Participant: 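Dumping the structure here so I can ask a few things about it.
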Amino acid sequence: MQSPLSDIWRFVLLAEGWMHLAFALVCLGLAIVALVKCIPKNAQRFDIAFKRTKGFWLGMTGGAVVLALLGAAGAGPFGLIFPVAAACMAMVYLTDVNPEVSD
């Protein structure tokens with residue numbers, strides 16, 4: 001017979017897993033939005049705005065998508081830090097670079 005305490009811990013671990021997955025999927029969505037917004041930009045606008053090159057930002061946002069995917073897959077001990085890093089990379093592009101290079 002199982003104790004009620006083990007049922008509580010099972011529920012807590014299940015809830016933690018679902019919250020981790022939801023957080024990773026939100027970070028993945030954010031990274032995808034940043035990548036999709038970066039793709040159609042004119043490369044010269046990055047130079048005019050004194051930002052790094054378009055290739056750099058495509059690499060950063062593409063890397064953010066990969067890190068968020070790894071986090072959503074639960075990549076071992078780095079399962080939580082990867083989505084956080086991906087969200088940071090995407091938000092730097094979306095808040096600083098994208099407004100400067102938009103038409």
Side-chain angles (χ1 to χ4, degrees):
M1 184 169 163
Q2 291 185 3
S3 70
L5 191 59
S6 66
D7 291 336
I8 292 171
W9 280 111
R10 188 173 303 129
F11 172 75
V12 167
L13 291 174
L14 185 62
E16 179 188 18
W18 282 108
M19 287 188 291
H20 177 268
L21 180 62
F23 177 73
L25 291 176
V26 167
C27 292
L28 177 62
L30 189 65
I32 289 172
V33 166
L35 180 62
V36 167
K37 284 183 159 285
C38 186
I39 289 172
K41 301 291 184 205
N42 186 354
Q44 292 176 344
R45 301 280 300 176
F46 290 86
D47 293 330
I48 293 170
F50 297 108
K51 302 297 178 185
R52 293 194 178 238
T53 64
K54 180 180 179 179
F56 174 83
W57 287 109
L58 283 173
M60 287 291 282
T61 55
V65 170
V66 170
L67 284 178
L69 280 172
L70 288 173
F78 302 108
L80 186 61
I81 197 74
F82 283 170
V84 170
C88 290
M89 293 161 62
M91 286 307 295
V92 166
Y93 176 78
L94 289 173
T95 59
D96 182 39
V97 179
N98 188 51
E100 296 291 325
V101 298
S102 294
D103 293 333

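The first residue in the sequence is number 1, and the count goes up from there. Note that the coordinates shown come from a computational prediction; the quantities given were computed from them, not determined experimentally.
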Participant: Please step through side chain to side chain contact (heavy atoms under 4.5 Å, CB included) for the pair Trp57 and Asn98, ending with a clear verdict.
Facilitator: CA-CA 10 Å; Trp57 287 109; Asn98 188 51; over 6 Å; no

Participant: Considering residues at least two apart in sequence or located in another chain, which fulfil the salt bridge (Lys or Arg N to Asp or Glu O under 4.0 Å) criterion with Asp47?
Facilitator: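 For Asp47, no residue satisfies salt bridge (Lys or Arg N to Asp or Glu O under 4.0 Å) once neighbours in sequence are set aside.
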
Participant: Would you list the atom pairs, donor with acceptor, under 3.5 Å between side chains in residues 88-96 and any protein atom, with sequence neighbours excluded?
Facilitator:
residue	atom	partner	partner atom	Å
Thr95	OG1	Met91	O	2.6
Asp96	OD1	Lys51	NZ	3.2
Asp96	OD2	Lys51	NZ	3.3

Participant: For Cys27 and Ala87, work out which heavy atoms get closest and say how close.
Facilitator: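 Minimum heavy-atom contact is SG-CB, 3.8 Å.
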
Participant: Hey, any chance Met60 and Val33 share a hydrophobic cluster, counting ILVMFWY side chains that come within less than 4.5 Å of each other, even indirectly?
Facilitator: yes

Participant: Applying a strict under-4.5 Å side-chain criterion to I, L, V, M, F, W and Y, I'd like to know whether Val97 and Phe56 cluster together.
Facilitator: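 Linked within one cluster.
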
Participant: How about CD1 on Ile81, more than 12 heavy atoms from neighbouring residues, nucleotides or ligands closer than 6.0 Å, or not?
Facilitator: no

Participant: Calculate, to the nearest 0.5 Å, the distance between atoms CG and CG belonging to Leu28 and Leu67 respectively.
Facilitator: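 Those atoms lie 11.0 Å apart.
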
Participant: Given the rule that I, L, V, M, F, W and Y join up when any side-chain heavy atoms are under 4.5 Å apart, are Trp18 and Phe11 in one cluster?
Facilitator: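 Shared cluster, no.
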
Participant: Would you call Phe46 and Thr53 a side-chain contact if the rule is heavy atoms closer than 4.5 Å?
Facilitator: no

Participant: How many angstroms lie between atom CG of Leu14 and atom CE of Met19, to the nearest 0.5 angstrom?
Facilitator: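 With rounding to 0.5 Å, CG (Leu14) is 10.0 Å from CE (Met19).
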
Participant: Could you tell me whether the side chain of Lys54 and the main chain of Lys41 form a donor-acceptor pair under 3.5 Å?
Facilitator: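 Side chain of Lys54 to backbone of Lys41, a donor-acceptor pair under 3.5 Å: yes, one is there.
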
Participant: How close do Val65 and Ile32 get, counting heavy atoms only, and between which atoms?
Facilitator: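 Reported closest heavy-atom pair: CG2-N, 3.9 Å.
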
Participant: Rounded to the nearest 0.5 Å, how far apart are CG of Leu25 and CG of Leu69?
Facilitator: 9.5 Å

Participant: Nearest heavy-atom pair of Leu70 and Phe82: which atoms, and what distance?
Facilitator: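 Distance-wise, the nearest heavy atoms are CB-CD1, 3.7 Å.
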
